[in-house]
Amino acid sequence: MSLLEVKNLQVAYGGIQAVKGIDLHINQGELVTLIGANGAGKTTTLKTLVGMVKRAGGSIEYDGKDVASIAPYDFVRHGLAMVPEGRGVFPKLTVEENLHMGAFYRNDKAEILNDIERVYGLFPRLKERQKQLAGTLSGGEQQMVAMGRAMLSRPKLLLLDEPSMGLAPIIVQKIFEIIQMVAAEGVTMLLVEQNAKLALEISQRGYVMESGKITMSGNARDLLDDERVRNAYLGE
Ligand code: ATP
């Protein structure tokens, strides 16, 4: 069953059409990657899914409901969470306080503490640094905080915008391992990535976006083998 169903989505900034009528869907439990060059409209698509940008046309159904019926502050409560590009951690709060922010709407205190321990299990580095201010963490550690914070909201669908951006290759590997671990916990994910090869390697399906349109889609394996994808996105 589709957890997310997007049809003919259109988004414009003033006169510029950033998204020109795209269709995509994500099934329950899937990890799906959206790749594309800079400016293709990937971030705009994600922002539109969580109501940060208004659509000009088309429909977005999440969990059987039109997302327009969900207030922007209520997306997280409905299980839709996004980890934005640049991470958006609260720099003046500690690691632990950042994680608590992810659970702001919950009042099951014991479960929250359990979930924080689970996040520390996934990211032992954060456990060591739980009292450190997030603004003083490395880029990779901040990405871990952002993902951990999103986990605290118990998402059904997690949108990740360029989680590997600006990170050293060894940390990128680690972040991709963590994405796989989160997926293994049953979280459905849409991943936007410049690092197309790694992203497709861990995904079931993928979409290619070019100048506001979806130009290719299919099994991640098939996309990895596709000549056009290899030339344009895999640097081969
Ligand atoms: P990148 O990988 O570089 O982030 P992207 O695929 O995520 O690229 P978007 O950020 O969605 O692309 O941008 C799509 C287009 O919309 C670009 O031409 C961009 O300049 C434009 N755009 C994005 N945000 C705005 C905005 N707030 N106002 C006007 N134009 C915008």
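Predicted model, so just to flag it, every value in this text is computed and none were measured. We count ligands from 1, going down the list as the structure has it; atoms in each ligand are counted the same way.
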Is [X] near ligand 1, meaning one of its heavy atoms is under 4.0 Å from it?
X	answer
Gly39	yes
Ala37	yes
Lys47	no
Gln194	yes

Enumerate the atoms of ligand 1 whose separation from the nearest heavy atom of [X] is less than 4.0 angstrom.
X	answer
Ala18	15 (C), 16 (O)
Thr44	9 (P), 11 (O), 13 (O), 14 (C)
Ala40	5 (P), 6 (O), 12 (O)

**Nearest neighbour in protein (non-hydrogen) for atom 3 (O) of ligand 1** =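 Ranking protein heavy atoms by distance from atom 3 (O) of ligand 1, first comes Asn38 OD1, 3.1 Å.
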
**Shortest protein heavy-atom distance from atom 23 (C) of ligand 1, along with the residue and atom involved** =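 Its nearest protein heavy-atom neighbour is Tyr13 CE1, 3.3 Å.
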
**Prompt:** Would you say Thr43 and ligand 1 have an N/O pair spaced under 3.5 Å apart?
**Reply:**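 There is such a contact, yes.
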
**Request:** Decide whether an N or O pair under 3.5 Å exists between Ile16 and ligand 1.
**Result:**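 Between Ile16 and ligand 1 (N or O atoms, distance only) the closest approach is not under 3.5 Å.
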
**Request:** Can you confirm whether something in the protein, heavy atoms only, sits under 4.0 Å from atom 13 (O) of ligand 1?
**Result:**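 True for atom 13 (O) of ligand 1.
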
**Message:** Does the protein place a non-hydrogen atom closer than 4.0 angstrom to atom 25 (C) of ligand 1?
**Reply:**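 Yes.
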
**Request:** Determine whether the side chains of Gln130 and Thr94 contain a donor N or O and an acceptor N or O closer than 3.5 Å.
**Result:**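 No - no donor-acceptor pair under 3.5 Å links their side chains.
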
**Item:** Short side-chain donor-acceptor distance under 3.5 Å, Asn38 and Gln194
**Value:**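 Yes - a donor-acceptor pair under 3.5 Å links their side chains.
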
**Asked** Per the side-chain contact (heavy atoms from CB on, under 4.5 Å) rule, which among Asn98, Val145, Val89 passes with Leu137?
**Response**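 Passing option: Val145.
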
**Prompt:** Nearest heavy-atom pair of Gly140 and Leu167: which atoms, and what distance?
**Reply:**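 Where Gly140 meets Leu167 most closely, the heavy atoms are N-CD2, 3.3 Å.
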
**Request:** Determine whether more than 12 heavy atoms belonging to other residues, nucleotides or ligands lie under 6.0 Å from atom OH of Tyr105.
**Result:**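 Yes.
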
**Message:** Please work out, at 4.0 Å between heavy atoms, whether the side chain, the backbone, both, or neither of Met209 comes within that distance of ligand 1.
**Reply:**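 Met209 to ligand 1: no contact under 4.0 Å from either part.
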
